[in-house]
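Numbering of ligands and ligand atoms starts at 1, following listing order. Owing to the predicted nature of the structure, the values given are computational and were not obtained by experimental measurement.
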Amino acid sequence: MKEIACKLLVIGAGPGGYICAIRAGQLGVDTVIVEAAKAGGTCLNIGCIPSKALIHAAEEFERVSHMAGAKSPLGISVEAPKLDLAKTVAWKDGIVGRLNSGVLGLLRKAKVKIVHGKARFRDGKTVEVETETGSQVIRAETVVIATGSEPVELPSLPFGGPVISSSEALSLKAVPKKLIVVGGGYIGLELGTAFAKMGSEVTVVEATEQLLPQYDAELVKPVAKRLGELGVRVLTGAKAKRLSDEGLALLVESANGEEQRLAADRVLVTVGRKPCTEGWGLEELDLDRAGRFLRIDERCRTSMRGVHAIGDITGEPMLAHRAMAQGEMVAEIVAGKKRVWDKHCIPAVCFTDPEIVTAGLSPDEARAQGFEIRVGLFPFTANGRAMTMLSEDGFVRVVARADTNLVLGIQAVGAGVSELSSTFALAIEMGARLEDIAATIHAHPTRSEGFQEAAMKALGHALHI
Ligand code: FAD
Ligand code: NAD
């Protein structure tokens, strides 16, 4: 059995782990990273990147289909388009492959040793990895656990056959005729919308009373409207029970307690993700938990000295950019720098149609924290750029303290608003006040003018509304 010793061992090469290893390598820390599957983790292989590729392809297809229906006011007409999903998926796989080797290249450039195989803890400082060439023992002074998350399975609707998780949905060879999506959260709505645009008859079954329950109702309204336009059927307050015995159908208990039978070719279950904590010896370390996740402090330290945890395994929000920021911080801590988690906000984007962005506090969250607030909302119906792009639904909303005008939160819903997320986060991290945003020249014509106008509205002097 081969043995290696290192200063830092990172388990899992997702966005949390690979960023941690690259930064540690850059800082001269002797680093080993172990990956059981492919570099890039969920995000790059079966998450953020492939889903956005599919969403883009679906958008393009729907745009052309719309023109073919002679419905476009732009004066463009085309023949009805066709979609070859196998080709689309091959294109998506090409992007994943490029990024995959990119991550491996960056790790090598930072002089990180990469070990392929599943790590299993022997103790808090030692793991054993089954590699293609035999067993490898790795001893480290510091360990970072970055093993991510996996889809939650419903006991009455286990994955297999027609019941699929997001991973299978991203690699289908043909567009399902009838697709039922169980769970109207991030993945369900992003992928459900994409399949509706590609021609599936989509039904979303959501247990709570609202789609995307993590966002406030005002933000979700334009998304629900668009789903209606795309012909997506939405059942809220509904519970998926099981597949029916005869024929392919899902039995659903609707809000009024009645049982419905919904025909389906595929049932996509997206009811959340759970941390990867089982089956690789983590149980033996007996680390403190926060629910199902690992408990960490403001330096991503677990309850065991010398063992850090980052990314999805540490809980909500399970977002790639949070994992990366934690990874970068932990690498610097291991290299001896003084760092602590001091972020004011973690922006979140839902890539639905239209997109939703949030950074900082919503009006309700701000009030719940005891702030007296002022809120400015600017609709895209009054934004020139939105009109020229045929996408006027949505708005930008700014939440600020009533006494100092310090910006506490910014939200937007609208086409392409994901690209405003960094501006929103920057404003909050820099401690911007409404006056700072109102006084900053925003280029014309852009959707970002809506941000400036929302700040002006909160100050009582919006110009274009
Ligand atoms: P992961 O990316 O899950 O990586 C963990 C890695 O650890 C994996 O490669 C795994 O193989 C490896 N591993 C696990 N156990 C072991 C072991 N014992 N030994 C060795 N290796 C091991 N987030 C966003 O911010 N934006 C998005 O648009 C977005 N879209 C998403 C779409 C989908 C369909 C899904 C499923 C997720 C999406 N996410 C998105 C969430 C994002 O993918 C995760 O938050 C992110 O990948 C978490 O990073 P991580 O490093 O914690 O873990
Ligand atoms: P989610 O938490 O976003 O949504 C799950 C939904 O399923 C919720 O609305 C919940 O009420 C519903 N639900 C739960 N049990 C149900 C049941 N039995 N029947 C019907 N509905 C049920 O989870 P997800 O969509 O699986 O995504 C997992 C995580 O991945 C997200 O929380 C997010 O952190 C991450 N993600 C992020 C992005 C992004 O940043 N754009 C995209 C995809 C995924």
Exercise for the section: Would you mind telling me if ligand 2 is within reach of the side chain of L154, the backbone, both or neither, using heavy atoms under 4.0 Å? Expected result: side chain
Practice task
Under 4.0 Å, heavy atoms only, figure out whether ligand 2 is touched by the backbone of L212, its side chain, both or neither.
Solution key: neither
Completion exercise
So for V129 against ligand 1, with non-hydrogen atoms under 4.0 Å, the contacting part is neither
Problem - Atom indices of ligand 1 within 4.0 angstrom of G41 heavy atoms, with elements - result: 2 (O), 4 (O), 8 (C), 9 (O)
Completion exercise
Closest to atom 4 (O) of ligand 2 by heavy-atom distance, out of S165, S166, G185, is G185
Exercise for the section: Would you mind listing which atoms of ligand 1 come within a distance below 4.0 Å of any non-hydrogen atom of M318? Expected result: 41 (C), 45 (O)
Problem - Structural part of A39 in contact with ligand 1, heavy atom criterion under 4.0 angstrom - result: neither
Problem - atom 14 (C) of ligand 2: the protein heavy-atom neighbour that sits closest, reported with distance to 0.1 Å - result: V271 CB, 3.6 Å
Problem - Atoms in ligand 1 flagged as close to K52, the criterion being non-hydrogen separation under 4.0 Å - result: 27 (C), 28 (O), 29 (C), 30 (N)
Handout entry: Option whose closest heavy atom lies nearest to atom 1 (P) of ligand 2, chosen from K52, E316, Q210, Q214
Key = Q214
Exercise for the section: Please confirm whether A348 comes under 4.0 Å of ligand 2, counting heavy atoms of the residue only. Expected result: no
Problem - Nearest neighbour of atom 49 (O) of ligand 1 from the list G311, G117, P15, on a heavy-atom basis - result: P15
Problem - Under-4.0 Å heavy-atom contact with ligand 1, by part of F351 that carries it - result: side chain
Problem - The one among E206, K241, R273 that brings a heavy atom closest to atom 30 (O) of ligand 2 - result: R273
Problem - C48, portion touching ligand 1 at heavy-atom distance under 4.0 Å - result: both
Problem - F424/F451 aromatic ring centres below 6.0 Å - result: yes
Problem - Ligand-residue contact atoms, ligand 1 with G14, heavy atoms, under 4.0 Å - result: 2 (O), 4 (O), 6 (C), 51 (O)
Handout entry: Contact with ligand 1 for R322, non-hydrogen, under 4.0 angstrom
Key = no
Practice task
Please say which of Q260, K241, K239 ends up in a side-chain hydrogen bond (donor to acceptor under 3.5 Å, both in side chains) with E253.
Solution key: K241
Problem - Test item, P317 contacting ligand 2 (heavy atom, 4.0 angstrom) - result: no
Handout entry: Enumerated ligand 1 atoms positioned under 4.0 Å from heavy atoms of V34
Key = 20 (C), 21 (N)
Handout entry: Charged N-O contact under 4.0 Å between K225 and D393
Key = yes
Problem - ligand 1 atoms in contact with G16 (distance to a heavy atom under 4.0 Å) - result: 51 (O)
Completion exercise
Numbered in order shown, the ligand 1 atoms found under 4.0 Å of a heavy atom of W280 are 18 (N)
Practice task
Classify the contact between I187 and ligand 1 as side chain, backbone, both or neither, using a heavy-atom distance cut-off of under 4.0 Å.
Solution key: side chain
